[in-house]
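Counting convention: from 1, in listed order, for ligands and their atoms alike. Residues take their numbers from the sequence shown, with the count starting at 1.
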Amino acid sequence: MIILSIESSCDETAASVIEDGVKIISSAIASSKDIHAISGGIIPEVAAREQLKCILPVIEKAVRRTQKFTNNNPLSFFSFIDAIAVTIGPGLIGALLIGIETAKTISYITKIPIIPVNHILAHLYANWLEKETLPTFPAVGLVVSGGHTEIYLLKNHHEFVWLGGTRDDAAGETFDKTARLLGLPYPGGPAIAVEAVKFKTQSSKIKLPRPMIDSGTLEFSFSGLKTAVLREIGQLKALKQYNNRTISNMAYEIQESITDVLVEKTLLAAKMHKVKSIILGGGVAANHRLTTKFKLKIENSKSKIDFRVPPPSLCTDNASYIGSYAYFHNKPLKWHQIHAEPNLEVEV
Ligand code: KG4
Ligand code: ZN
């Protein structure tokens, strides 16, 4: 089954062609991150305008890269497509509508059905792409993105149970907001990771909290960390110790705090539900320190748990995992049944 998938929920415009949910035949992506870096964060109206600018060129690029189907004629491509997959939520309404209305227009003209996709659950399906062996069930899935920190129990492709999430800020949001406090660029996660590496050989004099790490629950709360960072910056400034070295130290501690909590809670979920695998998804899963900690902890516990994390390019937003999710949750609808759902439930 060949799926043309489209993603436009936030600041990436992406299209992919996916075979049987596991093979990326082609993929194209445009990002408006550089524009948001200038404003220090995402302005929804700006993101939507960028989506509009990029959507057709990106789809065209993905289609042209499937030359074996097209003989260089993009129109003939559509006779090989079984379904169109599109993100319907959660996300920014203006941005979502661009991908959705484009998918609906293609569907209206070609009569190809549309499979609606939940962006957050789909993030986990990056673990099914381009792999020699596929993840095994039951699995615990951790989705850590700009707006979400969610833990799921995946019994199989059709039974997902939401186990816990954040009470306030998401992990990615915490990286972004604390980076901004430190004067680092957007997106904050990669910027903090770069700063933290500069510090790694020194011992940290700054100590930040690990919010809710010992709560014994699968709930997160990261807003206190942001407040602690603000307080620490104030104290360092008052002591005239706020400099490049202490900024790197802060970045290091922020990364340590967030990754400690994410690892602890996910391993707790895995233990509680006796799963065979742990799978990660979302932009924060691209964090090298996070994956190193997971691997070390699992290795040290002598557990046989199969730990999976997609390559960084598949952790951050793209359309390939949208196509993979759609293949495994193949419930096609007619174009007029598809609507944007910016607040689509993630607690399934
Ligand atoms: O999944 P994603 O690309 O978009 C959303 O659906 O939100 O995630 C974006 C988030 C941002 O908050 C960004 O700072 C974070 O992922 N991120 C990272 C890294 N790369 C992206 N956080 C930590 N380390 C990284 N290497
Ligand atoms: Zn995402």
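The protein non-hydrogen atom at the shortest distance from atom 4 (O) of ligand 1 is D317 OD2, 3.1 Å. Of the protein's non-hydrogen atoms, G146 N, 3.5 Å is the one closest to atom 10 (C) of ligand 1.
By the 3.5 Å distance cut-off applied to N or O atoms, F175 is not counted among the residues near ligand 1. Residue G189 has at least one nitrogen or oxygen atom sitting less than 3.5 Å from a nitrogen or oxygen atom of ligand 1, judged on distance alone. Backbone and side-chain nitrogen or oxygen atoms of H123 are examined, and one is located within less than 3.5 angstrom of a nitrogen or oxygen of ligand 1. Here's the thing with A193: none of its N/O atoms is less than 3.5 angstrom from an N/O atom of ligand 1. For ligand 1, one of its N or O atoms has an N or O atom of D176 under 3.5 Å away. Looking at ligand 1, you'll find an N or O of G283 within less than 3.5 Å of one of its N or O atoms. The shortest N or O to N or O distance between N287 and ligand 1 is under 3.5 Å.
Heavy-atom contacts from other residues, nucleotides or ligands closer than 6.0 Å to NZ of K131 number more than 12. Crowding of F80 atom CZ: a count of heavy atoms from other residues, nucleotides or ligands under 6.0 Å exceeding 12.
Between NE2 of H123 and NE2 of H119, the angle at the Zn ion (ligand 2) works out to 100°, rounded to 10 degrees.
Remark: ligand 1 atoms within the under-4.0 Å shell around heavy atoms of T316 are 3 (O). Residue G172 has at least one heavy-atom neighbour below 4.0 Å for each of these atoms of ligand 1: 12 (O). Taking every non-hydrogen atom of G188 and a distance limit under 4.0 Å, the qualifying atoms of ligand 1 come out as 14 (O). Close contacts of ligand 1 with P187, meaning ligand atoms under 4.0 Å from a residue heavy atom, involve 13 (C), 14 (O). Less than 4.0 angstrom separates some heavy atom of A286 from each of these atoms of ligand 1: 26 (N).
Looking only at atom types and distance, the side chain of S303 has no donor-acceptor partner in the side chain of K297 under 3.5 Å away. Side-chain N/O atoms of R210 and T259 include no donor and acceptor closer than 3.5 Å. Judged by distance alone, the side chains of S277 and T136 do bring a donor and an acceptor atom under 3.5 Å apart. D169 and T174 share no donor-acceptor pair across their side chains, judged by distance under 3.5 Å alone. A donor atom on one side chain and an acceptor atom on the other are not found under 3.5 Å apart for Q241 and T246. Between the side chains of S221 and D168, a donor-acceptor pair is found at a separation under 3.5 Å. For the residue pair T166/T149, the side-chain donor-acceptor check at 3.5 Å is not satisfied. Counting only N and O atoms by type, the side chains of Y125 and H157 include a donor and acceptor under 3.5 Å apart.
For C10, every N, O or S atom stays at 2.8 Å or more from the Zn ion (ligand 2). For H148, every N, O or S atom stays at 2.8 Å or more from the Zn ion (ligand 2).
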Review point. After noting the C-alpha distance and the side-chain angles of F220 and H148, does the key distance pass the ring pair (Phe, Tyr, Trp, His ring centres under 6.0 Å) rule?
Key: CA-CA 11 Å; F220 300 85; H148 290 268; over 10 Å; no
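Looking only at N/O/S atoms, D317 comes nearest to the Zn ion (ligand 2) through OD1.
Distances from atom 15 (C) of ligand 1 to the heavy atoms of V284, V143, T259 show the closest one on V284.
Annotation: the span from Y321 atom OH to I24 atom CD1 amounts to 12.0 Å, rounded to 0.5 Å.
Residue P190 places a heavy atom under 4.0 Å from ligand 1.
Only the side chain of H119 comes within 4.0 Å of ligand 1, judged by heavy-atom distances.
Between F199 and Y252, the ring-plane angle classifies as tilted under the 30° and 60° cut-offs.
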